[in-house]
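Just below is one structure, and these are the notes that go with it.
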Amino acid sequence: MNEKLKIGLFGYGVVGQGLYDVLQSTPAFDATIDKIVVKEKKQRNLPDGMFFYSPDDILEDPDINVVVELIDNSEDAYRIVKKALKKGKSVVSANKKMLAEHLEEMVQLQKENNVSLLYEASACGSIPIIRSLEEYYDNDLLLSVTGILNGSSNYILSNVFDHNQSYEEALKEAQNLGFAESDPSFDVEGYDSLYKLIIITLHSFGAIVKPENVLTYGISNINEFDINYAREKRFKIKLVGQVERLHDQNISLFVLPRFVGKDKYIYSVEEEFNGVVVKGKAYDKQFMFGKGAGGHPTSSAVLSDITALAHNYKYEYKKLNYFKKFSYFKDGAVEIYLRYSDSAILKHFAFESISEEYKGPEYSYKIGFIKLSDLIKINRLLREMDIFIALTGKKLNY
Ligand code: HSE
């Protein structure tokens with residue numbers, strides 16, 4: 001883009017305000033936020049004249065050449081981003097839900113309108129995972145991407161494990177610090193990690209997978225029994241998203257809590273930090289670590305996208321456009337720990353084998369292999385039952 005960047009910003013929450021601050025600290029970069037569209041009038045730390053209340057105040061303004069979308073509501077975000085792209089404006093978005101649900105259309109809209117949509121901030125806050133997957137891991141050596149993709153749930157697990165805080169207290173803190181989504185069930189039930197994983201999967205393997213087809217289970221049912229079990233075995237429990245290349249051009253993906261030992265890179269990822277392990281042929285494993293939530297860290301990724309636009313950067317979607325297609329394989333078996341109190345729930349679990357079990361007066365558990373596809377079938381039920389499941393890390397039939 002040879003012209004000066006004139007930004008229309010949607011949303012002035014934690015990340016929007018962070019972006020305003022971060023832009024002030026980079027005076028060498030010639031971009032200005034000219035208008036900010038917000039939902040309602042209220043006292044803010046910028047002059048009233050900066051704020052507008054209708055999306056068209058930005059979308060129909062021919063002087064604005066970049067739209068930065070940092071709002072919470074994914075349906076509004078979808079309408080805004082779609083219209084902006086159709087109007088020939090480049091867009092930076094951090095809305096992982098909107099992106100994950102409309103990836104195919106977003107790729108198409110960029111092509112049809114010859115514009116760029118960048119979204120580094122949508123996955124893992126300040127960690128440049130998307131551009132790295134697109135530009136550095138741009139060959140077929142890549143084997144898997146595994147990571148702690150949600151800062152809030154990691155903040156909770158970290159404080160519960162290391163500081164004996166209660167789950168509720170830790171969640172409240174994550175909300176007060178601005179890490180959690182407005183509906184924190186997105187964080188703790190694994191959906192936030194899922195949306196990020198869907199975006200990562202496109203840039204890793206070129207596959208567009210529908211979120212509703214992916215096994216997604218979070219940490220909201222964890223209890224003292226599970227925590228003590230993990231502590232006794234010297235594990236931590238982390239919420240992990242993973243996409244992995246399998247045999248015959250297949251990939252597998254899921255979001256699940258996992259027992260993690262000291263030998264794993266993600267063992268030491270604490271608080272709101274995210275950590276992503278990229279595994280490949282030849283280079284084995286690499287680890288990216290950084291703040292995954294919070295206004296300033298996330299807005300640093302937004303700023304990086306804005307500066308990339310100044311250099312006419314676009315995602316090429318190399319894996320999607322130039323690589324052999326991958327299919328989504330759901331029939332691999334994973335080993336899980338299933339804690340329960342009422343054995344009636346066991347009828348829902350088609351274990352292929354059991355390696356360990358315990359029956360106690362209050363809680364019992366089983367550890368055994370089960371097919372991902374069998375867990376996907378009961379994904380909704382998993383959240384409703386009085387159980388907790390976590391991966392041990394062992395896999396079969398991959
Ligand atoms: N709620 C998200 C998290 C914000 O906790 O990671 C960053 O995407």
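Note that the numbering runs from 1 along the sequence shown for the chain. Just follow the structure's listing: the first ligand is 1, and inside any ligand the first atom is 1. Keep in mind the model is a prediction, meaning the values are calculated, not measured.
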Hey, what do you get for OG (Ser268) to CD (Glu270), rounding to the nearest 0.5 Å? 7.0 Å
Any sub-3.5 Å donor-acceptor pair from Asn221's side-chain atoms to Ile387's backbone N or O? yes
Donor + acceptor pair across side chains of Tyr12, Asn45 (<3.5 Å): yes
Measure from the side-chain N and O atoms of Glu120 to the backbone N and O of Arg131, and report whether any donor-acceptor pair falls under 3.5 Å. yes
Near ligand 1 (heavy atom, under 4.0 angstrom), the protein residues are Lys96, Asn150, Gly151, Ser152, Phe179, Ala180, Glu181, Asp187, Asp192, Lys196, Gly292, Ala293
Could you tell me whether the side chain of Glu69 and the main chain of Ile80 form a donor-acceptor pair under 3.5 Å? no
With distance as the sole test, does Lys4 use its side chain to make a donor-acceptor pair with the main-chain N or O of Asp30 at under 3.5 Å? no
